[in-house]
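This report refers to the structure that appears directly beneath it.
Reckoned from all heavy atoms, side chains included, excluding hydrogens, waters and symmetry mates. These numbers were taken from a predicted model, which means no experiment stands behind them.
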Amino acid sequence: MATSHRIRIIDAFTDRPFGGNPAGVLLLDAFPDDSWLQHVAREVNQSETAFAHRLPEGGAADWALRWFTPAAEVDLCGHATLATAHVLHTTGAATGPVRFATRGGVLTATAHDDGTLTLDFPTAPLTATEVPAGIAEALGSEPLAAYDTGRHLGDLLVELADEKTVRSLTPDHTALARYSKRGIVATAQAEDPARDYDFVSRGFFPRVGIDEDPVTGSAHTALAPFWSERLGRTTLTGLQASARTGLVRTEVRGDRTLLTGRAVTVIEGELFA
């Protein structure tokens, strides 16, 4: 007889259904074997599915948390962490700040009275690197500069000429897969500073089964320090200019970066597996 698990689809980094980035969330008693987790993530078929279970009291973290794309487990994920924190707080499974034990270290999520959630993530180390040969053809635009984002992200951050260029990209996803461990994040300064965002980005992750991610919270741990240094402010807002779009408020605090956004539950049901 199949076991039943409560499963939810949460749209993260948005205040409305069908925006932001959808993530599957399952709260478990313990982690089953990795193959089951990967099968569920493939079945859910969102950019990430989060699996969490409560930890004993008195430790460094309150919940264990893992994230799987349809193709692989990843070290760090922002939107699925936000989605998990949203589930814990809206169901009453947690109150106050929640500490998650993850492959990317202990991450904290704090719920606010206005309905937003703030994630405390490690700031990604940025190392300038040569623009790889051939990436302009794969991406569809010549980068102005390129940066390695460290082992936990495994992304290549590339700066493009302007917001219009970022928005109009039509990359060759198969070709892009050879340029980084996880993905390519393209960014530019916002065209109109009077709008409600300071920079734009798009994220392409074909190596882990995601051609384009709607909103990539973890990538903002690299985008935030990059643009904070450029713009001279520690608090910024990023717009991920995918078809669904989403806003991520960022604040750089040295080796930690705060990511703030909203989330909404769009689907809730039972998984029989």
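Other residues, nucleotides and ligands contribute over 12 non-hydrogen atoms within 6.0 Å of the CD atom of E268. Heavy-atom neighbours of D33 CG from other residues, nucleotides or ligands within 6.0 Å: above the threshold of 12. With a 6.0 Å radius and a threshold of 12 heavy atoms from other residues, nucleotides or ligands, D114 has its CG atom above the threshold. Counting heavy-atom neighbours within 6.0 Å of E270 CD, excluding the residue itself, gives a total above 12. Enclosure of atom CZ in R151 is not indicated, since only 12 or fewer non-hydrogen atoms of other residues, nucleotides or ligands lie within 6.0 angstrom.
Checked by atom type, the side-chain pair E48/T69 shows no donor-acceptor distance below 3.5 Å. With 3.5 Å as the limit, one finds no donor-acceptor pair spanning the side chains of T118 and T110. There is no side-chain donor-acceptor pair under 3.5 Å between T129 and D148. Side-chain atoms of N21 and D11 form no donor-acceptor pair, as typed in the model, at a separation below 3.5 Å. Counting only N and O atoms by type, the side chains of T84 and W63 include no donor and acceptor under 3.5 Å apart. E163 and Y197 share a donor-acceptor pair across their side chains, judged by distance under 3.5 Å alone.
The residues E191 and K164 are annotated as not salt-bridged, no charged nitrogen and carboxylate oxygen being separated by less than 4.0 angstrom. In this structure, R66 pairs ionically with D34, as a charged nitrogen and a carboxylate oxygen lie closer than 4.0 Å. In this structure, K181 pairs ionically with D75, as a charged nitrogen and a carboxylate oxygen lie closer than 4.0 Å. For the pair R253 and E251, the salt-bridge criterion is met [side-chain N within less than 4.0 Å of a carboxylate O].
Across every non-hydrogen atom of S242 and D213, the tightest pair is CB-O, 4.2 Å. Listed here is the closest heavy atom pair of G20 and P214: O-CB, 3.4 Å. Shortest non-hydrogen contact noted between L82 and L117 is CD1-CB, 3.4 Å. Across all non-hydrogen atoms, the minimal contact from D198 to L236 is OD2-CA, 3.3 Å. Heavy-atom minimum distance, A263 versus A12: CB-CA, 4.1 Å. Closest non-hydrogen pair, V185 versus A219, comes out as CG2-CB, 3.9 Å.
Counting heavy atoms from C-beta on, the side chains of P122 and L107 come closer than 4.5 Å. Taking the side chain as every heavy atom from C-beta outward, L26 and V40 approach each other to under 4.5 Å.
With hydrogens and angles disregarded, a donor-acceptor distance shorter than 3.5 Å links the side chain of Y179 to the backbone of A133. Looking at T245, its side chain never comes within 3.5 Å of a backbone N or O of A241 through a donor-acceptor pair. For the pair R262 (side chain) and D15 (backbone), a donor-acceptor distance under 3.5 Å is absent. Between the side chain of R99 and the backbone N or O of G59, at least one donor-acceptor pair lies under 3.5 Å. Not one N or O on the side chain of E212 forms a donor-acceptor pair closer than 3.5 Å with the backbone of G203. Judged purely by atom type and a 3.5 angstrom limit, T116 has no side-chain atom pairing as donor or acceptor with the backbone of H112. Proximity of a side-chain donor or acceptor of T216 to a complementary backbone N or O of S218 within less than 3.5 Å is not detected. R182 places no side-chain N or O within donor-acceptor distance of the main-chain N or O of R207, the cut-off being under 3.5 Å.
If you chain together hydrophobic residues whose side chains sit under 4.5 Å apart, L223 and L160 never meet in one group. In the hydrophobic cluster analysis, where Ile, Leu, Val, Met, Phe, Trp and Tyr join through side-chain heavy atoms closer than 4.5 angstrom, V44 is grouped together with L28. Connection of L76 to V98 is established within a shared hydrophobic cluster, with ILVMFWY side chains joined at heavy-atom distances below 4.5 Å, either directly or through further cluster members.
The distance between the ring centers of Y147 and F226 falls below 6.0 angstrom. With ring centers used as reference points, W227 lies 6.0 Å or more from H220.
To the nearest 0.5 angstrom, L239 atom CG is 7.5 Å from S201 atom OG. Atom CD of Q38 is separated from atom CZ of F51 by 8.0 Å, given to the nearest 0.5 angstrom. Atom CD of residue E43 and atom CD1 of residue I7 lie 9.0 Å apart, to the nearest 0.5 angstrom. In this structure, L176 CG and T174 OG1 are separated by 9.0 Å, a value rounded to the nearest 0.5 Å. To the nearest 0.5 Å, the span separating OG1 on T250 from CG on L119 amounts to 12.0 Å. A distance of 10.5 Å separates CD in Q240 from CG in L247, rounded to the nearest 0.5 Å.
With T221 as the fixed residue, the side chain to side chain contact (heavy atoms under 4.5 Å, CB included) test singles out one of T149, T123, L153: L153.
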Take E159 and R230 through the salt bridge (charged side-chain N to carboxylate O under 4.0 Å, His left out) test and state the conclusion after the steps.
CA-CA 12 Å; E159 182 186 6; R230 293 291 188 91; 2.8 Å; yes
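Seen from the ring of F121, R256 does not count as a face-on cation partner, given the 6.0 Å and 45° thresholds.
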